[in-house]
J.: 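Structure in structure tokens, see below.
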Amino acid sequence: FLKIFQNEHKGLDTQEKNSIKKIQLIEARESLKPRYKKRLKLINRFGIHNGKLLDLGCGEGHFLKYASSHEWDVSGIDLKVENTEFAKKILEIRNIQCTPLEQALLPEKTFDVVTIYDLIEHLAHPFSELKKIHKLLRPGGLVVISTPNVKNSFFMKELWTGYIIKGHIYFFSKKTLTQMLQRTGFKVIFSKTENAKKGLFNIPGKIRIKPKSLLGRFWYSVKRDLRNTFNPMHYIGPLFSICGYGFNLIIIARKHDKH
């Protein structure tokens with residue numbers, strides 16, 4: 001995005017570039033705001049309302065920007081240079097590192113919360129990463145993990161969406177992820193699954209891309225709403241999620257003080 005931004009606006013003066021950058025920032029914040037609000041609300045339930053938060057695989061840093069606007073002291077790590085450059089230059093987040101976790105310059109017993117959204121399934125050594133996270137957290141600190149739930153593959157088997165996604169190395173259920181967290185010094189205090197309809201019966205097909213034009217986006221939304229209206233999983237999916245078969249597995253674990 002940063003390269004596109006730089007190339008497309010070479011002929012503009014500084015004020016015009018800043019105006020465009022501001023508009024893009026506002027759009028990014030607003031479109032993802034409900035998701036980020038939900039994340040912080042869940043963390044707040046366990047007695048931590050602000051403090052030091054580290055987001056691993058932070059991407060362009062939109063979640064960090066939202067958290068910082070709610071009085072969190074934020075840091076992030078991502079392996080893509082373009083993501084960390086966007087976070088620093090466009091979102092103006094200072095504490096961003098482009099490096100693997102094991103090489104990051106982070107003091108131990110510093111963070112109140114470490115978040116790992118849609119990342120742990122990509123890690124070659126998740127056990128080692130969790131041990132490192134344990135060292136970075138203060139006593140009683142939280143690790144928040146979101147990852148595809150392998151129990152969602154119950155019906156689709158080898159055709160499951162989670163198996164098709166490029167870059168996934170490990171697949172977890174609540175049981176296996178809880179066991180690994182316990183072995184690395186954590187106690188699971190919350191878990192749930194959601195969005196069962198994403199993979200429970202769906203055969204992976206073409207990826208739908210949202211159009212850029214206003215009319216195209218409107219028609220895209222109409223078709224999406226019609227699909228949901230006549231899709232039985234729109235109504236019974238939440239029941240599968242409650243029973244542990246949702247596509248997304250969300251787990252929060254607290255650091256053991258005596259580990």
J.: Begin with the C-alpha distance, continue with both residues' side-chain angles, and end with the deciding distance and a verdict on salt bridge (Lys or Arg N to Asp or Glu O under 4.0 Å) for Glu194 and Lys192.
T.: CA-CA 7 Å; Glu194 57 186 18; Lys192 75 169 185 176; 3.3 Å; yes
J.: For the rings on Phe186 and His134, is their centre-to-centre separation under 6.0 Å?
T.: yes
J.: Determine whether a donor-acceptor pair (N or O, by modelled atom type, separation under 3.5 Å) exists between the side chain of Asn152 and the backbone of Ala196.
T.: yes
J.: For Tyr245, does its backbone N or O pair with a side-chain atom of Lys151 as donor and acceptor, under 3.5 Å?
T.: no
J.: Which atom pairs, one a donor and one an acceptor, fall under 3.5 Å between side chains of residues 162-172 and the rest of the protein, sequence neighbours left out?
T.:
{"residue": "His168", "atom": "ND1", "partner": "Gly162", "partner atom": "O", "Å": "3.1"}
{"residue": "Tyr170", "atom": "OH", "partner": "Ala124", "partner atom": "O", "Å": "3.4"}

J.: Treating Trp72 as the side-chain partner and His49 as the backbone partner, does any N or O pair qualify as donor plus acceptor under 3.5 Å?
T.: yes
J.: Please check if the side chain of Gln97 supplies one atom and the backbone of Leu105 the other of a donor-acceptor pair under 3.5 Å.
T.: yes
J.: Taking side chain to side chain contact (heavy atoms under 4.5 Å, CB included) as the definition, give me every residue that meets it alongside Glu71, ordered by chain and number, with sequence neighbours left out.
T.: Asn50
J.: Within 45° of the ring axis of Phe63 and under 6.0 Å from its six-membered ring centre, is that where the NZ or CZ of Arg39 lies?
T.: yes
J.: Any donor-acceptor pair under 3.5 Å linking the side chain of Thr193 with the backbone of Ser241?
T.: yes
J.: Does Gly141 offer a backbone N or O that forms a donor-acceptor pair with the side chain of Lys255 under 3.5 Å?
T.: no
J.: Is it true that a side-chain atom of Ser173 and a backbone atom of Thr176 form a donor plus acceptor pair closer than 3.5 Å?
T.: yes
J.: Angle between ring planes, Trp160 versus Phe247, binned at 30° and 60°: parallel, tilted or perpendicular?
T.: tilted
J.: Closer than 3.5 angstrom, by distance alone: can the side chain of Asn195 be matched with the main-chain N or O of Gly246 as a donor-acceptor pair?
T.: no
J.: Check for a donor-acceptor pair, side chain of Asp78 on one end and backbone N or O of Leu56 on the other, with a separation under 3.5 Å.
T.: no
J.: What residue pairs, at least two apart or across chains, pass salt bridge (charged side-chain N to carboxylate O under 4.0 Å, His left out) with a residue in residues 105-123?
T.: Asp112-Arg138
J.: Tyr117 and Leu79: same hydrophobic cluster, using ILVMFWY side-chain contacts below 4.5 Å?
T.: no
